[in-house]
There are 2 protein chains.
Amino acid sequence: MPESHHADIRRLDLFAEMEESNFKALMRGSYVQNFPQRIELIMEGETSDFLHVVLSGSVDLYSCWNNQETSMATIRPVSTFILAATIKDAPYLMSARTLEKSRIALIPSQDVRAIFDTDAAFARAIVNELAQCYRTVVKNTKDLKLRSSLERLANYLLRQHNKTGSSVIDLSMEKRRLASFLGMTPENLSRAFKGLSPFGVTVSGSQIKIGDVETLEAFAKPSVLIDNMQS
Amino acid sequence: MPESHHADIRRLDLFAEMEESNFKALMRGSYVQNFPQRIELIMEGETSDFLHVVLSGSVDLYSCWNNQETSMATIRPVSTFILAATIKDAPYLMSARTLEKSRIALIPSQDVRAIFDTDAAFARAIVNELAQCYRTVVKNTKDLKLRSSLERLANYLLRQHNKTGSSVIDLSMEKRRLASFLGMTPENLSRAFKGLSPFGVTVSGSQIKIGDVETLEAFAKPSVLIDNMQS
DNA sequence: TCAAGCGTTTGACATTAATCAATTGAAGCG
DNA sequence: CGCTTCAATTGATTAATGTCAAACGCTTGA
């Protein structure tokens with residue numbers, strides 16, 4: 001792998017604290033690849049050969065059953081995905097495809113597991129990352145089971161607002177994918193946006209404006225135990 | 001803690017491979033407590049002081065939002081819960097209550113984190129457990145987003161069938177809790193059982209009989225990437 | 001510039017699930 | 001035993017969500 005990418009990867013929480021020699025060893029077996037838009041990176045059910053790191057672009061994790069597809073998460077730089085499958089040496093539960101032109105680092109799963117055993121700092125980082133992933137999915141489940149589609153959309157917008165600080169949100173993905181992620185149909189997402197207009201939400205293309213955050217929050221009732229992305 | 005419980009805990013994957021001295025150190029700070037039925041063990045939002053191990057009985061993990069409650073999982077002996085919160089030293093995302101008279105071991109979170117850093121076998125076990133938990137929740141999400149309530153119930157019955165090997169399933173929990181776990185109302189669960197009768201499912205109290213597994217499978221279309229509890 | 005293609009929106013309708021109210025049934029207790 | 005209590009069931013109704021078809025609008029490319 002070209003050394004130029006090392007710094008990006010090293011900055012990741014997962015690799016930041018590990019021994020330099022171990023990091024170098026990991027990088028030796030790894031490589032970086034550029035993928036065009038809409039390329040299938042992995043398919044659910046396959047066995048895990050590489051830990052993937054998104055260096056640039058973005059990746060959609062999705063799952064299928066009975067000819068339906070649902071979007072599970074979007075991975076943005078710089079972070080990893082399919083860590084759990086790598087650790088357990090088990091089949092992927094989700095498929096992944098690039099949403100746009102992306103640069104992905106591939107680190108052999110075997111090396112990750114081997115160095116885990118010898119590098120305590122790396123082990124702790126992996127545990128932290130996994131715990132974080134776990135908690136994210138639990139929050140997601142709570143969102144799905146406890147909220148209506150309108151409430152899910154409202155809280156999604158507020159989360160984006162909190163992340164960027166701006167009251168104008170750029171969806172940065174197709175509405176159909178957002179709909180799938182939120183567990184609804186594109187038609188219903190369209191109607192849900194309309195349903196939020198009494199609370200000051202206006203739509204123009206992929207730009208969503210929150211007229212008054214307090215009003216939207218009064219409806220959405222965000223909770224730190226569902227919507228706080230940090231903890 | 002009375003030594004008599006040590007063996008039960010030691011048998012857990014999480015503790016089986018660690019150094020004896022470290023295990024003893026963990027146990028020194030721990031204690032075992034008996035709880036009656038329907039006792040709140042932890043509340044979501046609290047900070048994590050103890051890793052909990054269910055030695056006997058059973059525990060319901062559930063979450064609330066906006067005056068609604070949903071059951072997230074049932075923990076049966078012998079296994080742990082709230083590992084992720086313990087590791088991250090973060091607030092619980094779920095509440096826990098005993099479903100029946102239960103014996104619970106409480107292991108100080110601080111000790112778990114400390115020994116994690118010094119015992120590689122323990123670290124690997126924790127990572128495995130967390131990865132397992134993560135994958136379980138992901139499967140759960142796929143179940144929720146990709147299936148109708150009737151399909152969720154059918155696949156739940158088939159999973160129980162695979163676990164016990166028997167074609168007569170004892171629900172071993174209130175139907176209302178099963179309904180909550182499956183993401184539906186008790187009324188709808190009742191109707192869903194009726195809806196499965198064309199596929200050979202008969203109900204008498206908490207005993208569910210699968211008349212013909214193949215017929216039910218033809219409807220439920222179970223998938224290893226959702227319903228296999230092992231991988 | 002126009003046409004094609006595709007994502008989005010809209011409306012009508014079907015299906016699914018939730019709610020409300022009433023009844024049934026089973027377990028616990030005096 | 002009979003009463004109380006609460007879960008479970010049933011039916012009627014409403015609400016939420018999905019489906020289908022058509023129209024719209026933006027982007028792309030000849």
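From a predicted model like this one, the values you see are computed outputs, not experimental measurements. Letters A, B, ... mirror the listed sequences (proteins, then strands); counts begin at 1.
Each ring pair (Phe, Tyr, Trp, His ring centres under 6.0 Å) pair with one or both residues in residues 53-93 of chain A, not counting sequence neighbours, appears once here: A:H52-A:F81. Residue pairs meeting the side-chain hydrogen bond (donor to acceptor under 3.5 Å, both in side chains) criterion with at least one partner in residues 216-230 of chain B, sequence neighbours excluded, are B:R147-B:D227, B:R159-B:D227. Residue pairs satisfying the ring pair (Phe, Tyr, Trp, His ring centres under 6.0 Å) criterion with at least one member in residues 205-231 of chain A, sequence neighbours excluded, are listed as follows: A:F199-A:F219.
Not counting sequence neighbours, the partners of B:R11 by the salt bridge (Lys or Arg N to Asp or Glu O under 4.0 Å) test are B:D8. When the side chain to side chain donor-acceptor pair (under 3.5 Å) test is applied to B:S166, no partner is found at least two apart in sequence or on another chain. Residues meeting the ring pair (Phe, Tyr, Trp, His ring centres under 6.0 Å) test with A:F181, sequence neighbours left out: none. Applying the salt bridge (Lys or Arg N to Asp or Glu O under 4.0 Å) criterion to A:R97, with sequence neighbours excluded, gives A:E40, A:D60, A:E69. With sequence neighbours left out, A:D170 forms a salt bridge (Lys or Arg N to Asp or Glu O under 4.0 Å) with no residue at all. Among residues two or more places apart in sequence or in another chain, the salt bridge (Lys or Arg N to Asp or Glu O under 4.0 Å) test is passed with A:E214 by none.
The distance from atom CZ of A:R38 to atom P of C:dC6 is 11 Å, rounded to the nearest whole Å. Atom CG of B:L146 is separated from atom P of D:dG18 by 12 Å (rounded to the nearest Å). In this entry the distance linking CG of A:N66 with C1' of D:dG18 reads 15 Å, nearest Å. Computed from coordinates, the A:L144 CG to D:dT17 C1' distance equals 14 Å when rounded to whole Å.
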N/O contacts under 3.5 Å, protein versus nucleotides 23-25 of chain D?
none

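The only option from B:V59, B:I82, B:L99 that meets the side chain to side chain contact (heavy atoms under 4.5 Å, CB included) definition with B:I75 turns out to be B:V59.
Residues of residues 169-182 of chain B that place a heavy atom closer than 4.0 Å to DNA chain D, in numerical order, are B:E174, B:K175, B:R176.
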Checklist entry - What string of B, S and - do you get for nucleotides 17-26 of chain C 5' to 3' if you count protein non-hydrogen atoms under 4.0 Å? => result SBBB------
